[in-house]
Amino acid sequence: MAKADEKAITPQSEDFSAWYNELVLKAELADRGPVRGTMVIRPYGYRIWELIHDALDLRIKATGHENAYFPLFIPESHLKREAEHVEGFAPELAVVTHAGGHELEEPIVVRPTSETIIGEMFAKWISSYRDLPLLINQWANVVRWELRPRLFLRTTEFLWQEGHTAHADEADAQRETMVATEFYEQVAREFAALPVIVGDKTPSERFAGAVRTVTLETLVRDGRAIQSATSHYLGTNFSKAFEINYTSSDGEQALCHTTSWGMSTRMIGAVIMAQGDDKGLILPPRLAPYQIVIVPIGRDADLVPVVTETGRLADEIRGLGIRVKVDDRTTLSPGFKFNEWELRGVPLRIELGPRDLAAGVATLANRLTGEKTTVPLDEIGQQMSARLDEFQDALYQRALDFREAHTLTATSKEELADAVATGFALALHCGQKSCEDAIKEDLGATARCIPLDGEPEEGRCAYCDASSAYGKRILFARAY
RNA sequence: CGGGUUGUGGCGCAGCUUGGUAGCGCACCUGCUUUGGGAGCAGGGGGCCCCGGGUUCAAAUCCCGGCAACCCGACCA
């Protein structure tokens with residue numbers, strides 16, 4: 001018998017990075033591509049993305065947006081039209097200089113995001129206030145030449161959706177920014193079982209070219225923050241650069257106010273890091289490729305009735321709209337399968353063997369609690385939906401408890417240092433970029449956001465003791 | 001771009017100090033036995049030892065020069 005510790009992944013407490021890297025590969029979520037920083041998303045990982053996609057796409061459409069597709073290639077000159085935007089993205093651009101066997105007259109950039117090309121098209125399509133708001137979304141890949149890649153969290157090429165909208169005035173555009181924020185929060189909470197802190201980015205952390213950036217911050221189990229989605233109010237910055245104008249009802253020319261917002265495959269990384277444990281992944285049922293796995297146990301003559309009952313159960317459960325997998329591989333022992341499906345994060349496992357059949361029950365194992373219970377065979381189908389819902393809720397509650405236990409308020413440099421060492425810190429801050437930089441240098445932490453729902457408070461900056469800005473505590477953490 | 005570590009069958013590693021033509025575990029294939037927490041025994045297949053030079057009768061091993069990957073920092077969804 002192989003020793004368990006030879007097959008198990010490195011425990012989180014021993015080396016969180018190693019735990020994450022091994023888990024992504026061993027759970028067959030993704031693999032590294034041949035070009036540094038690229039990622040192959042394997043079927044099991046891609047299915048999770050599809051489930052995120054479906055949840056989000058439904059909400060995007062329900063709020064009046066339409067999907068479209070814009071080109072991967074952008075003329076370099078277009079990207080340069082919005083000054084802050086170019087500056088923000090220049091270091092991470094992949095540029096095509098040769099094509100068709102010749103050097104190109106003008107280099108072509110592989111999109112790092114699509115504000116510019118979409119702005120260009122919006123300018124063409126919008127002429128009257130009657131054309132507004134224009135609400136577009138695209139599902140696409142983008143490329144950012146990252147210096148330090150990490151599967152799902154930061155890859156050179158990644159998948160996302162990017163919403164782009166144009167509005168007649170600021171109020172409508174700001175409202176739009178919050179519409180996107182709300183459905184991101186829903187997907188995070190209801191699908192990924194992740195509590196998020198929603199807030200504004202500080203000026204230094206804002207998207208290049210944005211007037212306002214709203215972010216959703218998630219705490220993962222090594223005490224660091226992951227930005228799981230962002231929504232930007234772009235003001236008229238891109239409208240000016242791309243001449244996105246319209247004629248108002250009183251005949252005046254006016255600039256559109258635009259927004260953009262995105263959620264990417266990084267979300268999968270957040271789920272892995274926030275929900276996993278030493279045994280591996282724990283998937284929220286609503287994002288699990290397989291919500292239930294059934295492991296038949298037995299051999300030869302014993303196995304025949306087991307297989308029959310397994311098939312009947314699987315059909316019954318599948319008929320309820322639950323994603324179920326029967327692991328009927330004959331060359332592997334039950335113990336091996338238990339460990340493998342636990343590593344891969346399947347929420348519930350049904351074990352069915354001769355002993356169960358004789359008693360008219362099935363054994364139900366819970367990935368979160370590790371508990372095994374028996375359930376009468378004629379009740380199991382009707383119980384599964386509720387059990388999955390309970391699992392989803394319990395997982396959310398666990399993440400919420402964890403976050404609350406790892407969120408501290410800080411009123412001094414020392415308290416700030418202690419708080420960010422283990423999780424989120426809520427502290428008053430002076431609002432100076434130089435102070436944010438010093439915190440980053442000194443503590444490795446950044447201002448994650450100015451929470452929308454913070455209590456009003458004034459006082460001294462926890463780090464430099466100058467008078468506080470923002471009128472409330474802001475969130476600091478070490479971040480991915 | 002700095003600092004560190006590592007390149008040896010698919011994966012994880014030993015061998016390198018003290019040169020003699022490659023080994024272990026897992027995985028894989030075959031057979032028999034096995035199946036309620038990572039099965040056992042027996043047999044078997046698979047390696048340009050990262051690349052290029054050099055030293056030597058002889059290099060995975062020593063010398064010089066590259067390259068790559070990963071981890072830790074600076075940039076970022």
Side-chain angles (χ1 to χ4, degrees), chain A residues 1-10 15-18 20-22 25-26 31-37 87-93 112-113 140-162 184 201 204-208 213 215-218 226-232 260-270 279-280 295-300 302-303 306 327 329-343 349-359 362-363 365 370 372 374 437 440-441 444 446 478-480:
Chain A
M1 179 177 292
K3 288 165 195 70
D5 57 351
E6 282 175 9
K7 303 211 171 190
I9 55 176
T10 303
D15 183 342
F16 195 84
S17 267
Y20 179 80
N21 291 332
E22 289 170 23
L25 298 174
K26 288 196 176 178
D31 212 338
R32 290 179 220 288
V35 171
R36 179 188 155 79
E87 203 182 317
F89 283 106
E92 45 192 291
L93 291 181
T113 177
N141 58 337
V142 287
V143 168
R144 299 181 186 177
W145 217 257
E146 298 293 349
L147 299 173
R148 209 175 140 191
R150 211 155 172 22
L151 292 174
F152 289 115
L153 294 181
R154 209 183 303 101
T155 49
T156 294
E157 178 190 1
F158 60 88
L159 303 182
W160 73 349
Q161 59 62 224
E162 47 179 324
Y184 286 148
K201 282 294 187 189
S204 64
E205 296 281 331
R206 237 174 243 153
F207 175 73
T213 291
T215 177
L216 286 80
E217 299 288 327
T218 302
I226 295 183
Q227 178 177 308
S228 8
T230 47
S231 181
H232 317 289
S260 66
W261 27 274
M263 179 181 275
S264 73
T265 38
R266 167 179 277 188
M267 187 66 184
I268 297 174
K279 287 173 161 180
V295 179
I297 297 163
R299 181 156 183 84
D300 301 329
D302 277 349
L303 193 58
V306 169
D327 188 350
R329 293 174 293 178
T330 53
T331 56
L332 298 173
S333 69
F336 183 94
K337 294 177 184 178
F338 298 165
N339 282 289
E340 183 175 87
W341 291 115
E342 283 166 7
L343 172 78
R349 180 178 67 241
I350 296 173
E351 304 169 12
L352 195 66
R355 267 180 359 223
D356 297 297
L357 279 191
T363 301
K372 286 194 190 190
T374 55
D437 290 346
K440 189 171 188 176
E441 173 75 19
T446 48
R478 290 172 305 136
Y480 278 104

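To find a chain, count down the sequence lines: A is the first, B the second, and so on, and within it residues start at 1.
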Answer with base, sugar-phosphate or nothing: what part of the nucleic acid does [X] contact at a heavy-atom distance below 4.0 Å?
X        : value
A:Asp302 : nothing
A:Thr215 : nothing
A:Arg32  : sugar-phosphate
A:Ile226 : nothing
A:Thr363 : base
A:Leu303 : nothing
A:Gly353 : base
A:Arg349 : base
A:Glu351 : base

When you measure from the side chain of [X], which nucleotide among [options] comes out closest?
X        : options             : answer
A:Pro334 : B:A74, B:G36, B:C70 : B:G36
A:Thr230 : B:A77, B:A39, B:G37 : B:A77
A:Ser333 : B:G37, B:G38, B:C75 : B:G38

Value rounded to 0.5 Å, distance of CG in A:Asp302 from CG in A:Asp300: 8.0 Å

Whichever of A:Leu147 and A:Glu205 has its nearest RNA chain B nucleotide further upstream toward 5':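 Nearest-nucleotide comparison on RNA chain B picks A:Leu147.
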
Whichever of A:Lys440 and A:Asn339 has its nearest RNA chain B nucleotide further upstream toward 5': A:Asn339

Non-hydrogen atoms of A:Thr363 and A:Thr374 that approach each other most closely: OG1-CG2, 4.1 Å

Positive for side chain to side chain contact (heavy atoms under 4.5 Å, CB included) with A:Leu159, one of A:Ile268, A:Val142, A:Asn141: A:Asn141

Watson-Crick/G-U partner (both atom distances under 3.5 Å) of B:C57: B:G20

G-U wobble or Watson-Crick pairing nucleotide for B:U5 (cut-off 3.5 Å, both distances):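 Matched B:U5 with B:A69 under the 3.5 Å cut-off.
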
Check: B:G38 base within 3.5 Å donor-acceptor of A:Glu340 side chain: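 Answer is no: no donor-acceptor pair is held.
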
Under-3.5 Å donor-acceptor pair between A:Arg154 side chain and B:C76 base: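 Flag set: donor-acceptor pair detected.
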
Trace of the salt bridge (charged side-chain N to carboxylate O under 4.0 Å, His left out) decision for A:Glu342 with A:Arg349: CA-CA 9 Å; A:Glu342 283 166 7; A:Arg349 180 178 67 241; 2.9 Å; yes

Separation between the C1' atoms of B:C51 and B:C67, rounded to whole Å: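 Pairwise C1' distance, B:C51 against B:C67, rounds to 7 Å.
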
Whole-Å P distance, B:G52 and B:A59: 14 Å

Cation-aromatic face contact A:Arg266/A:Phe158, 6.0 Å, 45 degrees: no

